[in-house]
Amino acid sequence: MTVTTGTVTDWAATPEWFADTAAKESALKKRQAMDLFLAGIERRGFQMARIAIGDPDEALDLVQDAMIKLVQNYSDKPEAEWQPLFFRILKNRIIDHHRRGNVRNRVVAWFKPKGDGDEVYDPVALAPGHVSDQPDHRLGNADAIEALEQAMKVLPERQLQAFMLRTIEGMDVATTAEVMGCSEGSVKTHLSRALHKLRDLLEDYRPDGCSGPSCD
Amino acid sequence: MNSENTKETDDSLNRVADTAAALLQEQRESIDAAMLSRLNQARQNALMEMDRKPPVLSALWSWVPVGVVAMMALLVAGVAFNVLRLDPVVQPMEAPQTVKSSPDIPNLEMMFADEGLDMLEELDFYLWLEEEQTTGKLYYSYEVVT
C-alpha cells in the first residue's frame with residue numbers, strides 16, 4: 001500500500017520501508033552480539049594460540065584470522081554455536097601453523113651442514129626442576145604460571161587441545177569432541193593423560209607445598 | 001580399595017585442573033595493554049567483515065555460487081540443445097505432412113489461424129497498395145490519386 005500525499009509518494013510508510021528498517025535493526029543486533037562474543041573470547045583465544053605456538057605475534061595473527069573466518073562464514077549461525085566454531089577454526093589454524101613449521105624445519109635441515117651442534121628438543125630438559133633443588137618451594141604464582149606453560153608446551157597436540165578446551169573454556173565433553181573432531185571417549189582419554197602429565201610435572205608447585213599421594 | 005584409589009586419583013586430577021585453570025586465568029588478566037590494544041584492533045577488523053555483507057542479502061550470498069553454476073549449466077544445456085536441433089545429421093528434418101480435412105479430423109490450420117486473422121483481413125489492402133505503387137498511380141502518399 002502506498003500513501004500518496006498529493007503527487008508525492010511517502011515511502012516511509014510503505015511495507016518496504018518497514019522491512020528494510022527491520023533488517024537493519026536485526027543486522028545491528030547481530031553485530032553487537034558478535035562484538036560482545038569476540039570481546040569475551042579474544043584473551044582466551046590468544047592465550048591458547050600463544051601456548052600452542054609460542055610466538056605472541058603469530059598467535060595474534062591466528063586469532064584475528066579465526067575471528068574473520070567466523071564472521072565471514074558463520075555469523076548467521078545461532079550464537080550458541082559461535083564458541084565451538086571459533087575454537088575449531090583456531091585449532092585448525094594452529095595445526096596448519098605447525099605443519100608449515102615442520103615443512104620449513106625439514107627444508108632448513110636439508111640445507112644445514114651437519115655437526116653444527118643443533119639444539120635437540122628435549123621435553124625433559126624443559127620440565128621444571130624438582131622442589132628439592134630449591135631452598136624454598138613456595139615460589140609464587142609467576143613461577144607457577146611459567147612452569148605450567150612450559151609443562152603444557154610439552155604435551156602432545158591432542159592432549160593440549162583437550163586440556164585447554166575443557167579447562168580454560170569450560171566446554172563439556174560433547175562440545176570438546178565436536179571441536180576436536182573425535183569421539184567423547186577420545187576426549188576423556190586425552191584429558192586424563194594430559195592431567196596425569198601435568199600433575200607429575202607440577203607436583204612441586206602445589207599451593208600447600210605438599211607432594212606425593214599422602215597429600216591427596 | 002580400588003574404588004578409593006580411583007576416587008583419590010580423580011580428586012587429585014581435578015585439583016590439578018582447578019589449579020591450572022586459576023593460574024591461566026591470572027595469566028590472562030596480566031596481558032599487557034599493548035597486546036590488549038592489538039587484540040581489540042583484530043576484533044574490529046573482523047567486525048568490519050560483517051559490515052561489508054548487506055543485511056538483507058546476507059542469507060542469500062551463500063547461494064550465489066550455486067546460482068551461477070546453475071545458470072551456466074542451463075546455458076550450456078540450451079546451447080547444446082539448439083546445436084542438436086540444427087544438426088541435420090543428428091536429427092534429419094522430415095517434410096511437413098499436410099493434414100487432409102475430413103469431417104472426422106478437425107482442420108488444425110483453421111483452429112490455430114486466429115493470430116493471422118487480422119493480417120488476412122488487411123491482405124486485400126496490402127495487395128491494392130502494392131498494385132497502385134507498381135502502376136505509378138500511388139507514388140507519394142500525399143499525391144492525389146487519379
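Below, chain A is the first sequence line, B the second, and so on; all start at residue 1.
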Supply the atom-to-atom distance [X] [atom1] to [Y] [atom2], rounded to the nearest 0.5 angstrom.
X: B/Gln25; Y: A/Thr167; atom1: CD; atom2: OG1; answer: 13.0 Å
X: A/Arg50; Y: B/Arg28; atom1: CZ; atom2: CZ; answer: 11.5 Å
X: A/Leu148; Y: B/Leu23; atom1: CG; atom2: CG; answer: 5.5 Å
X: B/Gln44; Y: A/Asp35; atom1: CD; atom2: CG; answer: 6.0 Å

Margin query: Quick check against the 3.5 Å criterion: does B/Arg43 have a side-chain atom that pairs as donor or acceptor with the backbone of A/Leu38?
Written below: no
Notebook entry, point to check: Hey, is the main chain of B/Leu24 close enough, under 3.5 Å, to the side chain of A/Gln47 for a donor-acceptor pair?
Noted result: yes
Item checked: Inter- and intrachain pairs under side chain to side chain donor-acceptor pair (under 3.5 Å), touching residues 79-90 of chain A, at least two apart ->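 Applying side chain to side chain donor-acceptor pair (under 3.5 Å) to every pair that reaches into residues 79-90 of chain A, excluding sequence neighbours, yields A/Gln83-A/Glu169.
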Item checked: Validation row: B/Thr9, A/Arg199 side chains within 4.5 angstrom (heavy atoms) -> yes
Note to self: With chain B as the partner, which of A/Leu198, A/Ile51, A/Leu28, A/Asp57 has the greatest number of non-hydrogen pairs under 4.5 Å?
What the structure shows: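 Between A/Leu198, A/Ile51, A/Leu28, A/Asp57, the count favours A/Asp57.
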Check: Do you know which of A/Lys30, A/Arg43, A/Met67, A/Met164 has the most heavy-atom pairs under 4.5 Å to chain B?
Finding: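 Highest number of heavy-atom pairs under 4.5 Å: A/Arg43.
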Item checked: Modelled atom types, side-chain donor and acceptor of B/Gln41 and A/Gln64, under 3.5 Å -> no
Checklist line | Side chain, backbone, both or neither of B/Ile31 within contact of chain A (heavy atoms, under 4.5 Å) | finding: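 Side chain only.
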Margin query: With a 4.5 angstrom heavy-atom cut-off, is it the side chain or the backbone of B/Asp18 that approaches chain A, or both, or neither?
Written below: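 Neither part.
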Margin query: Does any backbone or side-chain atom of A/Lys69 lie under 4.5 Å from a heavy atom of chain B? Answer side chain, backbone, both or neither.
Written below: neither
Note to self: For the CZ atom on A/Arg193, are there more than 12 heavy atoms of other groups (residues, nucleotides or ligands in this structure) within a distance under 6.0 Å?
What the structure shows: no
